[in-house]
Amino acid sequence: MVIDGVCWRAVLAIFCLSAWCTPVAGQVVQLDRAQWIHADAGPQPVRLPFVWDRVAGNRSGVAHLQLDWAVEALPARPMALFLPKAGNAVELRVNGSLLMRLGSLEQANSSDFGKLPQWVVVPGELVRRDNVIDIKLRADEGRRAGLAPIFAGPLDEIESIYRWRHMDRFTLTVLILGLTLGVSLLAFSLAWTQRELTHPDDVRNRWIFLVAGVTEASWSLRLSDQIWVDPPLPWPVWSVVSSAAYLAWIAGALVFSHHACALRLPALRQVVVIFVTLGLLSALLSRLLAWPWAWTAWMGVTAVGLIAYGHWFSWTLLGRRTYLDALVALAALANIGAGAWMWWVFRWQSDPMGAGSSQRYTSILFTSALLLILLQRFRLASVRARENIDLLDRQVALKEQELAQVYRSQEQWAREQATQQERQRIWRDLHDGLGAHLNTALRQLQSDRVDPNSLRDTLQDGLFQLKLSVDAANLPLGDLGVLLGSLRYRLAPRLQAAGLTLHWEVDALPRLPQLESPQALRELQFIVYEALANVLQHSRARSLLVRARREAGGVVLLIRDDGPLESGVSSPGRGLRSMHERALALGIELAISHGQSGTQVRLFIALH
Amino acid sequence: MNNFGSVWRVLVVEDDDDTRRFLVDCVSNHEQLVLAHALGTVRSARQWLSSDPGPVDALLCDLGLPDGNGIDVIAHALQCHPSCEALVLSVFGDDQSVLASIEAGALGYIHKDSSWGDIAQTILDMKAGASPISPLLARGVLSRFRRWGAVPAGPVQSPNSAAGSALASGSESSGLSPREAEVLDLIARGFSYAEIAALQTISVRTVQTHIKNLYRKLAVHSRSEAVFEATRLGLLHGH
């Protein structure tokens, strides 16, 4: 994205915010001359700002300063004093009256009230034409203790000045802290959402999100030090923690910028590790071993190195002429510049005016760039995920289509198989039934002596077999009752001719799973027909019982005649063997018994 | 005009010459039957029926005619001669083709291999109120009514449908009565008319009458179904 004019103007507007703007107007006077009261050497005139570290060296102590405050006319209203910086702890008296005490003068390395501006109301009755302001400071070693010039004047005007400076030092810092913490949490959350992804781009994104989270969390910690009067750790230790956070922020910003902007710097990791290690070492030397120049020197080296590097970095990114690269370049330049300036002010001046670090403003630029990069990367990752899901959906749909096609093919194949089997059954029926009878009829016609009755019987029997075959094809699946009924219907003339007394006891029967195919129905029809045909052809029975009833677990079919034993089928002929074979194939129990009282064929067809 | 003992005029439609001659002989040789005409195609039969040939009391019709289906002849005959009663000529008497004929208005079937006496008697029985039926045909009729939900709740148990009674509904005029449904079920299980009459405590004649009524109801239902389907599909307007 190319930077347009509006963006440039917005960036310039941010730089126009200045923390050093303190409005002074009306009857407000600035008091910058004081007497430093030594216990042993006596009063010594000093010019404010009073910087403890510069005048006292590497030690802690209490400084007593006395300021003269002349008032031209006695005020009708209360007066007030504004102290831009006074600390680490401070006790303030006007004309001998104690008006303010912040922190303990005795307990070194405790609270630091010098981080925030203070003000105090001076009651009108206390004010004289010539006033003496006594200020005692508790100054901790290396903690930028001191006193900035004091502003004195009417209450309203001093309060206005205080509010302006407080907003800058405290409120704005809290807002920036909130933004930084929010971006940090967002970065960690985004990294968490990517934790299960394995695509190289996602893994890279997760790493960048984590670096961004750590970077912003470090900066949050560093920022909090600027307003935290009572840090959770004692001063020197807390100082090391704060320095480490600053190092982490610089290192994190460096790594993030390189990865996010796809810059390749040789040995970046080694450079960062050396930078952080030496930085930590210098912080420890500076704070814990009372060698402050170590940290100052290292920060100086860092500033020089970053200024040099920042030129190359920014030049490279600006050459790409994209919105995000330009923003990152600008953020880098601003932060490096502010960092170098702060190094000068803090390390060499000890922040004498209590202005705080201006890097908190420039960090907004970097935080914004980081936020945009995070969101852009997350958006691209989401788009890729959606595309992957769409692709997956399309692939699944394709697979489903293929599967459906396979199912259709299989169903088609199964139908063709069933049709083929049915055709084969019909062909076999025609071959064994009608074909055999026609062949027999032909042979009879070709013989020397043609018996018309015999020929008629053969043809009628052939037609009968054909009808049975057609019936079997039309029988409802699983219906034994209709099978028996249709057989009786077809055999009615022969049963009638035989003069048998028929006892027909066919109950309403359940559907039988073993008779769920035309083939099974045809086989059972053959078995029952054989049993009935045996009675008609071989026995001299007078009565015939056909009974089909439901019994435990299935249906029992009973065909019983009263033909004498010698007239029945006494030995297993071809027909009986065929009946047994077919019953076995169907999974039907078949029992045939002969006796003096007749023959009984019993079939048991299970329901399951 | 056709009282008991009267002579019935019979139209024979059969394309096979030998079979047609056999059928003509069956009719001609019986004193109560008179041959109205014997034809071999759908077209000629329809033309003859439309030509005001005098009363036609019975129709013996083959289904597989060279220029179409005999069902068209049956339907046309019933349209031109409402008192005409039709029998289908069938080799097997299988339920599918015969059932389709009955839905078109036929009142039974005759096996082509029947003897001439049986054929004449079947015609006379039909005119006297009895219609032939087989177990397969009975099951087919029952299934058709059951599909329409026109089977009454009652003791009828069908191995084919455990939900038969749940489907039971239908008016007295077009649905099956409990007795008719029982008769159909018994026929399907192979019971003879006499056995059914004994089981139901009715006469054999009543059983036969039931069957003829069933055929008529089936035809009525089929026509209603056809009209309903045609209306639903937008083929007919004004219904």
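It should be emphasised that the depicted structure is a prediction, and the values quoted were computed from it without experimental measurement. All heavy atoms count here, side chains included; hydrogens, waters and symmetry mates do not. Protein chains get the first letters and strands the later ones, always in sequence-line order, with residue 1 at the start of each.
Other residues, nucleotides and ligands contribute only 12 or fewer heavy atoms inside 6.0 Å of the CD atom of Gln496(A). When the shell of 6.0 Å around NE2 of His431(A) is examined, it contains 12 or fewer heavy atoms from other residues, nucleotides or ligands. The number of heavy-atom neighbours closer than 6.0 Å to CD of Glu31(B), taken from other residues, nucleotides and ligands shown, is 12 or below.
Here the closest non-hydrogen pair linking Arg189(B) and Ala508(A) is NH1-N, 3.0 Å. In terms of heavy atoms, Val482(A) sits closest to Arg139(B) at CG2-NE, 3.2 Å. Of all non-hydrogen atoms in Phe191(B) and Trp504(A), the two that sit nearest each other are CE2-O, 3.3 Å.
A 4.5 Å side-chain heavy-atom check between His111(B) and Leu463(A) finds every atom pair outside the cut-off. Using a 4.5 Å cut-off on side-chain heavy atoms (C-beta onward), Arg488(A) and Pro135(B) make no contact.
Contact of Ile133(B) with chain A is made through the backbone alone, with heavy-atom distances under 4.5 Å.
Note that the OG atom of Ser134(B) and the CG atom of Asn474(A) stand 9.5 Å from one another [nearest 0.5 Å].
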